[in-house]
Amino acid sequence: MRALVTGAAGFLGSHLCDRLIKEGHSVVGMDNFITGSPDNIAHLAGNSKFLFIRHDVANFIFVPGKIDAVMHFASPASPNPTSPYGYTNLPIQTMKAGALGTHNTLGVARAHQARYLLASTSEIYGDPLEHPQKETYWGHVDPIGVRSMYDEAKRFAEALTMTYHHYHNINTSIVRIFNTYGTRMRLDDGRVVPNFIQQALRGEPLTVYGDGSQTRSFCYVDDLIEGIYRLLISNEHLPVNIGNPAEISILEFAETINRVVGNPAGIIKQPDLRLGDDPQRRRPDITRAKEVLDWEPKIALEVGLQRTIPYFREKLGAA
Ligand code: NAD
Ligand code: UDP
């Protein structure tokens with residue numbers, strides 16, 4: 001297979017490129033580095049199975065040669081407005097990556113009659129009124145809310161993907177990704193995992209937004225990539241949740257990181273920094289992933305953190 005991966009220099013995209021190459025496939029990676037980094041794909045330079053094209057997916061995409069799969073991962077992904085890399089600070093780029101980028105990548109899939117995989121998100125469920133979230137849940141999203149440039153772009157992307165499937169008969173798939181962590185996350189994109197790990201490594205108190213009672217369910221990147229690869233090679237067209245159903249409050253998560261790192265500085269609650277529309281609870285129902293892909297996560301939180309922390313330690317040392 002020869003696959004186009006957009007967002008290839010990002011956290012998930014770069015791990016996906018590695019996995020595809022490991023499986024013997026060739027990859028055309030595409031990125032404009034708006035939130036990603038060349039460091040994440042530097043190890044692929046000179047690899048005959050990897051071609052990189054620097055390009056903004058909001059513009060018409062041309063890829064030389066035959067493409068068998070298109071995987072659209074390009075989009076800012078952090079909600080945190082304290083970071084310049086958060087999507088609220090890149091609102092138009094975020095909407096264009098989700099809308100125009102999805103249109104252009106679907107166009108590539110159509111031209112090549114390729115398998116298509118859209119990276120969607122648990123954010124399409126908004127601040128959910130159903131818990132845990134099944135794929136049949138329609139969501140609870142404010143179309144003009146503070147996170148809407150991301151949530152609604154992804155909802156539009158899903159609608160466009162299904163439209164290409166039904167109208168143009170394209171072999172599409174949609175993964176709804178829940179919070180994932182691991183190496184190559186950007187240190188300064190403001191997401192909770194890089195924030196907490198680097199605060200812990202510096203011996204500072206961890207900044208818990210609000211009272212920390214909000215929950216998330218954290219999936220280690222290797223588990224996620226396994227699920228996404230299985231979806232790619234399946235015949236599934238309907239959305240599939242991929243994430244870890246082990247739910248934890250942000251307060252407990254902070255305490256876990258402090259324990260694993262050995263940080264005595266504790267936590268500091270920052271009620272004012274809690275985002276508007278910050279989902280109070282989030283946990284995937286992964287019944288479909290189990291049934292359709294025979295997939296479930298294998299890596300426990302503390303194990304995944306032990307694998308992730310050395311990366312941040314090294315990056316901080318270099319910073
Ligand atoms: P990331 O910021 O590390 O990676 C995104 C990549 O896309 C970056 O390299 C960025 O430069 C690139 N990009 C953005 N806009 C682009 C454009 N217009 N043209 C070309 N490249 C562009 O984020 P990530 O966590 O790896 O997220 C990847 C995808 O997965 C995103 O679509 C995101 O919405 C989705 N997702 C991630 C998570 C998660 O927990 N990491 C959860 C849900 C969904
Ligand atoms: N959060 C926090 N401290 C931080 C960063 C984030 O308490 O330094 C909280 C945030 O309010 C949210 C959760 O952690 O409730 C997850 O935030 P993240 O930015 O990782 O992404 P989200 O899951 O909201 O998309």
Side-chain angles (χ1 to χ4, degrees), residues 5-16 29-41 53-59 61 71-83 85-87 90 92-102 104-105 118-124 127 147 150-151 153-154 157 175-182 184-186 189-199 206-219 221 224 228 241-243 248-251 253-254 267-271 273-282:
V5 176
T6 73
F11 161 46
L12 298 181
S14 62
H15 282 285
L16 193 58
M30 182 169 285
D31 208 290
N32 67 351
F33 300 125
I34 191 171
T35 59
S37 166
D39 291 353
N40 291 337
I41 45 171
I53 301 176
R54 184 173 185 159
H55 182 72
D56 181 337
V57 295
N59 300 316
I61 297 170
M71 307 184 77
H72 181 34
F73 279 68
S75 171
S78 167
N80 198 331
T82 67
S83 164
Y85 302 99
Y87 55 68
L90 303 166
I92 311 291
Q93 293 95 325
T94 301
M95 296 211 81
K96 285 168 84 172
L100 304 178
T102 303
N104 290 327
T105 51
L118 172 71
S120 184
T121 167
S122 53
E123 287 275 321
I124 64 106
D127 190 2
R147 297 167 86 116
Y150 183 71
D151 301 3
K154 291 286 188 182
V175 56
R176 291 186 181 151
I177 302 168
F178 283 66
N179 292 68
T180 301
Y181 68 98
R184 304 187 192 152
M185 292 190 96
R186 197 178 179 105
D189 79 5
R191 283 187 273 188
V192 69
V193 173
N195 271 13
F196 280 3
I197 293 181
Q198 66 184 297
Q199 287 161 349
L206 272 51
T207 54
V208 170
Y209 297 170
D211 63 5
S213 65
Q214 69 270 35
T215 67
R216 294 295 185 270
S217 309
F218 293 97
C219 185
V221 63
L224 182 95
I228 288 175
N241 290 337
I242 300 280
I248 185 170
S249 74
I250 291 300
L251 192 58
F253 184 58
I267 61 143
I268 178 169
K269 288 190 181 167
Q270 298 195 303
L273 287 183
R274 179 117 191 248
L275 276 182
D277 297 341
D278 187 9
Q280 181 59 27
R281 299 188 75 182
R282 185 184 284 160

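Every value quoted in this text rests on a predicted model; they were computed, and no experiment measured them. Whatever order the structure lists them in is the order used to number ligands and atoms, beginning at 1.
Cation-pi geometry between Arg216 and Phe253 is not met at under 6.0 angstrom from the ring centre and within 45 degrees of the axis.
Here Asp127 pairs with nothing under the salt bridge (Lys or Arg N to Asp or Glu O under 4.0 Å) rule; sequence neighbours left out. A search for ring pair (Phe, Tyr, Trp, His ring centres under 6.0 Å) contacts involving Tyr181 returns Tyr220, not counting sequence neighbours.
Of the possible polar contacts, one joining the Gln199 side chain to the Thr207 backbone as a donor-acceptor pair under 3.5 Å is found. Without hydrogens or angle criteria, Ser217 side chain to Arg282 main chain gives a donor-acceptor distance under 3.5 Å. Using modelled atom types, one side-chain atom of Asn104 and one backbone atom of Val57 make a donor-acceptor pair closer than 3.5 Å. Remark: side-chain polar atoms of Thr6 are paired, donor with acceptor, to backbone N or O of Phe73 under 3.5 angstrom. Ser78 places a side-chain N or O within donor-acceptor distance of the main-chain N or O of Asp189, the cut-off being under 3.5 Å.
We find that Arg147 and Glu123 are joined by a salt bridge, their nearest charged nitrogen and carboxylate oxygen being less than 4.0 Å apart.
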Is there any protein N/O under 3.5 Å from an N/O of ligand 1, and what does the full list of such pairs look like?
unit_1, atom_1, unit_2, atom_2, d
ligand 1, 2 (O), Thr35, OG1, 2.6
ligand 1, 3 (O), Phe11, N, 2.8
ligand 1, 7 (O), Ser75, N, 3.4
ligand 1, 9 (O), Gly10, N, 3.0
ligand 1, 9 (O), Asp31, OD1, 3.2
ligand 1, 9 (O), Asp31, OD2, 2.6
ligand 1, 9 (O), Gly36, N, 3.3
ligand 1, 11 (O), Asp31, OD1, 2.6
ligand 1, 11 (O), Phe33, N, 3.4
ligand 1, 11 (O), Ile34, N, 3.0
ligand 1, 11 (O), Thr35, N, 3.1
ligand 1, 11 (O), Gly36, N, 3.0
ligand 1, 18 (N), Asp56, OD1, 2.8
ligand 1, 19 (N), Val57, N, 3.0
ligand 1, 21 (N), Asn32, N, 3.2
ligand 1, 21 (N), Asn32, OD1, 3.1
ligand 1, 25 (O), Arg191, NH1, 3.0
ligand 1, 25 (O), Arg191, NH2, 3.0
ligand 1, 26 (O), Phe11, N, 3.3
ligand 1, 26 (O), Leu12, N, 2.8
ligand 1, 32 (O), Phe73, O, 3.0
ligand 1, 32 (O), Lys154, NZ, 2.7
ligand 1, 34 (O), Tyr150, OH, 2.5
ligand 1, 34 (O), Lys154, NZ, 3.0
ligand 1, 40 (O), Thr180, N, 2.9
ligand 1, 41 (N), Arg191, NH1, 3.0

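Protein neighbours of ligand 2 below 4.0 Å, counting non-hydrogen atoms: Pro79, Glu123, Arg147, Asn179, Gly190, Arg191, Val192, Asn195, Phe196, Thr207, Val208, Tyr209, Gln214, Arg216, Ile250, Asp278, Arg282.
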